[in-house]
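Nothing fancy with the numbering, it's 1 onward along the sequence. Side chains are part of it too, since the values below use all heavy atoms of this structure and drop only hydrogens, waters and symmetry mates. Note that this is a predicted model, so its numbers are computed, not measured.
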Amino acid sequence: MATRAAQRRERIFVDGDWLETDETIAVSDLADGGTFAQVGATGPAAARTALEAAHEIKPELRQTTVVERAEWCEAIAEGLREREEELAEVIVREAGKPISSARGEVGQAAERFDRAAEEARNIVSKGEFREGSTAGHEGWNAIVKHEPIGAVLCITPYNYPLATTALQVAPALAAGNSVLLKPASKTPVSAAILADVIADVDGIPDGAFNFVPGDASEIGDVLSGDDRINAIAMTGSSGAGKHVAGESGMVNLHMELGGNAPAVVFDDADLTDVAGNCVKGSLKYAGQRCSAVSRVLAHESIHDDLVSQIDRTMDAWEAGDLFDETTAFGPLISEDQAEWVQELVDDAVEKGADLVRGGERRAPEGVPDELADQFFEPTLLANVPHDARIVDEEQFGPVAAITTFEDEDEAIELANGSDLALDAAVFTSDYDRAMRLADLIDAGAVRINGAPSHGLGDVPFGGNKDSGIGREGLDASIHEMMRKKSIIL
């Protein structure tokens, strides 16, 4: 167990200045209970000041070179690495993530800034030369170049409070845009440290980066509905994404929203391998990931064998002390989230699913009483009816829900039945079948014989249907945050 954290107080960062606020956000300590930080809550007036600063600096940023911006990103990466232990402890406490995963997140965030520098150099150096090829344009010559899109509003989630933030902020800065960062109110402290790192980097002009934590009901529409915003990068729920899209008007929307990834398992798959992938896909970070394996669609002939394999594999997954290097997962982000998972599990059981293990909120020994109801047992549901809500709705909990299909057509129908279409997986030894299913499943990404994973973002990812707009990733995001200009000679 780490030493009890001293109370932190973080301010907002607007137009190059750290500002005190009248209101603060109390950040819960998911390791020891209580609160461990108070973070300034941006009000509407300060949000408008940040918007004006981000808008006014656009011309100056447009004149910066990709070499300068790449150096900024590399300096930020180095600053994050220098504060790795501090950041890891903060992520443990604010997000309830085990220490080993928290350290990995810091490293991933730093690497994303390094990679954004590389991608920006690559993209900007590859403008196009075009010749007119239609009647009336004979003899035209044109240069097509990339330029910054303007001001980017970054709205980040609680589940990867530093890594996902880096995936938005790094490409935005590398592309030459100003940034307004609105972190999740449950996990704003790691973003405050990132803001501190950025503030210390030489050369980044005032107004280029603004840290504006706050209540979405107070400043969400102020930020997303302002005409001075040119692009919005958001990771969050489908409902929140739809609201932001409704407020934003004519901006470039770059959204990765909810997920309900199916793993489709055929009778020729290696069930030991399937069980390992599906359990990790369902239980990592207590299932609080957009790419989590939320439902397992098993061919009816192997359902019982797969349930047995998954049940045995789950034995190794236990909640525990978040600062223990061997702990697999911790609490859910809030009691409300635990209640939501309980609601979906209860609905499935009431409709006829078999509860093989788990199904209740139960905390490990030594957990403070105030956190006990946020722990949900690793849960396995078998023979889940197709009309159970957990088959189609996002759960964000440590639950493997297994249902059956008779043939490929039914598997595709089940996989595509949800309004969410972010990720999917297909397990089979038949290459032709794997490619056929990959083409027919409606999802932004389909992995063959493995659990979905977004990693650093070297492969573009994103959702269809209610799961988002556009594709994220280091090069994909930079393209979304730049626009093309044709200069005709």
Chemist: Can you list the residues that meet the ring pair (Phe, Tyr, Trp, His ring centres under 6.0 Å) rule with Phe405, with sequence neighbours excluded?
Modeler: Phe266, His299
Chemist: Evaluate salt bridge (Lys or Arg N to Asp or Glu O under 4.0 Å) for Asp458 paired with Arg112, printing each intermediate quantity in order.
Modeler: CA-CA 10 Å; Asp458 49 334; Arg112 280 176 165 168; over 6 Å; no
Chemist: Taking ring pair (Phe, Tyr, Trp, His ring centres under 6.0 Å) as the definition, give me every residue that meets it alongside His254, ordered by chain and number, with sequence neighbours left out.
Modeler: none
Chemist: Under 4.5 Å between any side-chain heavy atoms of Val244 and Met255, yes or no?
Modeler: yes
Chemist: More than 12 non-hydrogen atoms from neighbouring residues, nucleotides or ligands closer than 6.0 Å to CZ on Arg130, yes or no?
Modeler: no
Chemist: Under 4.5 Å between any side-chain heavy atoms of Asp347 and Ile390, yes or no?
Modeler: no
Chemist: Can you name the ring pair (Phe, Tyr, Trp, His ring centres under 6.0 Å) partners of Phe427, sequence neighbours left out?
Modeler: none
Chemist: Among all residues two or more places apart in sequence or in another chain, which pass the ring pair (Phe, Tyr, Trp, His ring centres under 6.0 Å) test with His303?
Modeler: none
Chemist: Please determine whether salt bridge (Lys or Arg N to Asp or Glu O under 4.0 Å) holds for the pair Glu86 and Arg83, giving the CA-CA distance in whole Å, both sets of side-chain angles, and the decisive distance to 0.1 Å.
Modeler: CA-CA 5 Å; Glu86 176 189 8; Arg83 299 177 71 168; 2.9 Å; yes
Chemist: To the closest 0.5 Å, what do you measure between NZ (Lys485) and CD (Glu147)?
Modeler: 4.0 Å
Chemist: Go through Leu420 and Asp392 one step at a time and tell me if the side-chain contact (heavy atoms from CB on, under 4.5 Å) criterion holds.
Modeler: CA-CA 8 Å; Leu420 302 173; Asp392 292 325; over 6 Å; no
Chemist: Restricting to pairs with a member in residues 173-189, which pass side chain to side chain donor-acceptor pair (under 3.5 Å), not counting sequence neighbours?
Modeler: none
Chemist: Hey, could you give me each pair passing ring pair (Phe, Tyr, Trp, His ring centres under 6.0 Å) that has a residue in residues 77-119? Not counting sequence neighbours.
Modeler: none
Chemist: Flag the pair Ser237 / Leu257 as yes when at least one side-chain heavy-atom distance between them is below 4.5 Å, and no otherwise.
Modeler: no
Chemist: Are His479 and Lys484 close enough, and set up right, to give a side-chain contact (heavy atoms from CB on, under 4.5 Å), and what steps lead you there?
Modeler: CA-CA 9 Å; His479 276 291; Lys484 288 184 176 180; 5.8 Å; no
Chemist: Sequence neighbours left out, what passes side-chain contact (heavy atoms from CB on, under 4.5 Å) with Asp409? Give chain and number order.
Modeler: Asp407
Chemist: I'd like to check Ile155 versus Ile232 (side-chain heavy atoms, cut-off strictly below 4.5 Å). Are they in contact?
Modeler: yes
Chemist: Can you run down the side chain to side chain donor-acceptor pair (under 3.5 Å) pairs that involve residues 441-457, sequence neighbours left out, and say none if there aren't any?
Modeler: Asp423-His454, Asp442-Asn464
Chemist: Between Asp336 and Ser334, is any side-chain donor less than 3.5 angstrom from a side-chain acceptor?
Modeler: no
Chemist: So how far is it from Leu322 CG to Glu89 CD, rounded to the nearest 0.5 Å?
Modeler: 11.5 Å
Chemist: Do Leu223 and Val212 touch side chain to side chain, with heavy atoms closer than 4.5 Å?
Modeler: yes
Chemist: Any donor-acceptor pair under 3.5 Å linking the side-chain atoms of Thr235 with those of Gln168?
Modeler: yes
Chemist: If you round to the nearest 0.5 Å, how far is CD of Gln337 from CD of Gln395?
Modeler: 9.0 Å
Chemist: Which residue pairs pass the salt bridge (charged side-chain N to carboxylate O under 4.0 Å, His left out) test when at least one of the two sits in residues 258-281, sequence neighbours left out?
Modeler: Asp268-Arg433
Chemist: Taking atom types as modelled, find out whether Asp324 and Thr326 have a side-chain donor-acceptor pair closer than 3.5 angstrom.
Modeler: yes
Chemist: How about Glu105 and Pro161: do any of their side-chain heavy atoms sit closer than 4.5 Å?
Modeler: yes
Chemist: Side chains of residues 397-404: which donor-acceptor pairs under 3.5 Å do they make with residues two or more places apart or in other chains?
Modeler:
residue, atom, partner, partner atom, Å
Thr403, OG1, Val384, O, 2.6
Thr403, OG1, His386, NE2, 3.4

Chemist: Nearest 0.5 Å please: distance from the OG atom of Ser190 over to the CG atom of Leu80.
Modeler: 10.0 Å
Chemist: So, are Arg357 and Asp315 salt-bridged, with charged N and O less than 4.0 Å apart?
Modeler: yes
Chemist: Please list, chain by chain and in numerical order, all residues satisfying side-chain contact (heavy atoms from CB on, under 4.5 Å) with Ala328, sequence neighbours excluded.
Modeler: Trp317
Chemist: Assess whether a salt bridge exists between Asp419 and Lys465, defined as any Lys/Arg side-chain N lying under 4.0 Å from an Asp/Glu carboxylate O.
Modeler: no
Chemist: Both conditions, 6.0 Å and 45 degrees, for the charged tip of Lys97 above the ring of Tyr285: are they met here?
Modeler: yes
Chemist: Can you list every pair that meets ring pair (Phe, Tyr, Trp, His ring centres under 6.0 Å) and has a residue in residues 81-100, with sequence neighbours left out?
Modeler: none
Chemist: Do we see a donor-acceptor contact under 3.5 Å between the side chains of Asn122 and Glu118?
Modeler: no
Chemist: Is there a side-chain contact between Ile25 and Pro213 (heavy atoms, below 4.5 Å)?
Modeler: yes
Chemist: Hey, are Glu74 and Arg121 close enough for a salt bridge, meaning a charged N less than 4.0 Å from a carboxylate O?
Modeler: yes
Chemist: Before you tell me yes or no, could you show the steps for Arg295 and Glu394 under salt bridge (Lys or Arg N to Asp or Glu O under 4.0 Å), namely the whole-Å CA-CA distance, both residues' side-chain angles and the distance that decides it to 0.1 Å?
Modeler: CA-CA 10 Å; Arg295 50 204 173 121; Glu394 184 173 45; over 6 Å; no
Chemist: Between Ala338 and Arg361, what is the shortest heavy-atom contact and its length?
Modeler: CB-CD, 3.5 Å
Chemist: Is a side-chain N or O of Gln374 found less than 3.5 angstrom from the main chain of Gly330, in a donor-acceptor match?
Modeler: no
Chemist: Inspect the contact between Glu480 and Arg471 and indicate whether a charged nitrogen and a carboxylate oxygen are less than 4.0 angstrom apart.
Modeler: no
Chemist: Are Glu247 and Lys242 within salt-bridge range, i.e. N to O under 4.0 Å?
Modeler: no
Chemist: Rounded at 0.5 Å granularity, tell me how far CG in Leu162 sits from CD in Glu94.
Modeler: 9.0 Å
Chemist: Is atom OH of Tyr431 surrounded by more than 12 heavy atoms (other residues, nucleotides or ligands) closer than 6.0 Å?
Modeler: no
Chemist: Quick one, Val27 and Phe36 - any side-chain contact, counting heavy atoms below 4.5 Å?
Modeler: yes
Chemist: Regarding Tyr158 and Gln288, do their side chains bring together a donor and an acceptor under 3.5 Å, going by distance alone?
Modeler: yes
Chemist: Quick one: CG on Asp29 to CZ on Arg93, what's the gap to the nearest 0.5 Å?
Modeler: 4.5 Å
Chemist: Between Lys145 and Glu128, is there a salt bridge with N-O shorter than 4.0 Å?
Modeler: no
